[in-house]
Amino acid sequence: MNYWLVKSEPDTYGWHHFMEQGRAVWDGVRNYQARNNLRLMQVGDQVLFYHSVTNPAVVGLATVVRESYPDPTALDEPVVANAATRPTPWVVVELEPVMALEKPVTLARIKAEPMLATVALIKQSRLSVMPIKPDEFELILAMGQHAAKSEDR
DNA sequence: GCCAACGTTGGC
DNA sequence: GCCAACGTTGGC
């Protein structure tokens with residue numbers, strides 16, 4: 001099993017919206033590195049759901065329920081002239097929520113944790129779909145389940 | 001609202 | 001193939 005982190009702006013598509021829908025087609029990714037990561041996702045992989053821009057934090061856990069297929073929202077775009085023979089290069093996966101974290105793991109806490117200094121979230125702040133190492137994943141999840149810490153929010 | 005970092009585009 | 005200009009993302 002692999003572990004990932006996906007970003008979404010809460011004002012555009014937040015965790016609560018995701019929970020209400022119960023399932024999301026993760027479309028609109030238009031970055032090759034992020035696309036490559038989508039292609040590697042397998043059913044059952046665990047996905048951290050991160051809110052960017054507004055109160056940046058990991059807020060929930062999701063899982064992959066359908067592997068990558070061509071992004072239907074890309075078909076209208078003038079990406080490829082010969083669309084008849086060459087499909088869009090962009091893909092989607094489908095995700096379902098597993099649980100909300102008891103306490104959001106803020107970007108500030110992630111940055112303050114030495115063991116998380118190498119996560120792509122920090123090193124490559126603009127990447128919207130990134131792999132997470134198992135140890136890092138477990139730590140972030142644990143940080144989100146410990147209601148004790150009082151220093152933030 | 002500002003700005004730094006990054007990715008993409010297009011001229012040469 | 002290089003690089004400047006430009007657009008976008010995302011933290012603060």
Side-chain angles (χ1 to χ4, degrees), chain A residues 2-21 24-41 45-64 68-95 97-133 135-146 149-153:
Chain A
N2 290 307
Y3 303 94
W4 311 91
L5 181 147
V6 298
K7 291 182 181 177
S8 187
E9 289 193 34
D11 297 338
T12 305
Y13 188 83
W15 173 259
H16 292 296
H17 193 182
F18 181 38
M19 290 280 274
E20 281 164 21
Q21 286 192 174
V25 177
W26 210 255
D27 60 21
V29 172
R30 296 295 183 272
N31 168 282
Y32 285 101
Q33 198 176 348
R35 187 280 313 266
N36 291 344
N37 289 330
L38 287 180
R39 290 182 61 90
L40 293 171
M41 287 188 184
D45 283 359
Q46 307 273 83
V47 182
L48 297 171
F49 191 107
Y50 176 83
H51 279 168
S52 63
V53 183
T54 308
N55 299 324
V58 176
V59 294
L61 177 65
T63 190
V64 177
S68 68
Y69 59 94
D71 186 342
T73 70
L75 295 177
D76 297 336
E77 297 173 12
V79 176
V80 276
N82 54 343
T85 54
R86 185 187 299 244
T88 171
W90 305 118
V91 300
V92 299
V93 296
E94 293 184 15
L95 303 177
V98 174
M99 63 174 184
L101 297 191
E102 288 174 18
K103 178 184 169 73
V105 180
T106 63
L107 181 61
R109 285 176 75 200
I110 291 171
K111 283 184 166 175
E113 172 52 63
M115 277 189 60
L116 298 175
T118 59
V119 295
L121 189 65
I122 295 170
K123 286 178 37 177
Q124 242 182 308
S125 63
R126 289 183 56 188
L127 186 61
S128 64
V129 181
M130 68 192 74
I132 297 286
K133 296 192 188 85
D135 288 354
E136 297 165 345
F137 174 85
E138 294 301 338
L139 178 55
I140 292 169
L141 211 55
M143 289 166 74
Q145 298 309 104
H146 289 163
K149 306 268 183 180
S150 57
E151 67 272 12
D152 53 87
R153 210 178 298 273

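This structure is a prediction, so every number in the text was calculated from the model and none was measured. Each chain gets a letter, A, B and so on, in the order its sequence line appears, and its residues count up from 1.
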Query raised in the report: Quick one: does Ser8(A)'s side chain have a donor or acceptor within less than 3.5 Å of a partner on His51(A)'s backbone?
Result: no
Requested in this report: Without swapping roles, check the side chain of Glu9(A) against the backbone of Asp11(A) for a donor-acceptor pair under 3.5 Å.
Outcome: no
Query raised in the report: Heavy-atom distance under 4.5 Å between the side chains of Leu40(A) and Trp4(A), does that happen here?
Result: yes
**Report entry** Set of residues satisfying side chain to side chain donor-acceptor pair (under 3.5 Å) with respect to His17(A), sequence neighbours excluded
**Finding:** Gln21(A)
**Report entry** Donor-acceptor under 3.5 Å (Lys111(A) side chain, Ile122(A) main chain)
**Finding:** no
Query raised in the report: How does protein reach along nucleotides 7-12 of chain C, written 5' to 3' as B (base within reach of a heavy atom under 4.0 Å), S (only sugar-phosphate), or - (no contact)?
Result: BBBSSS
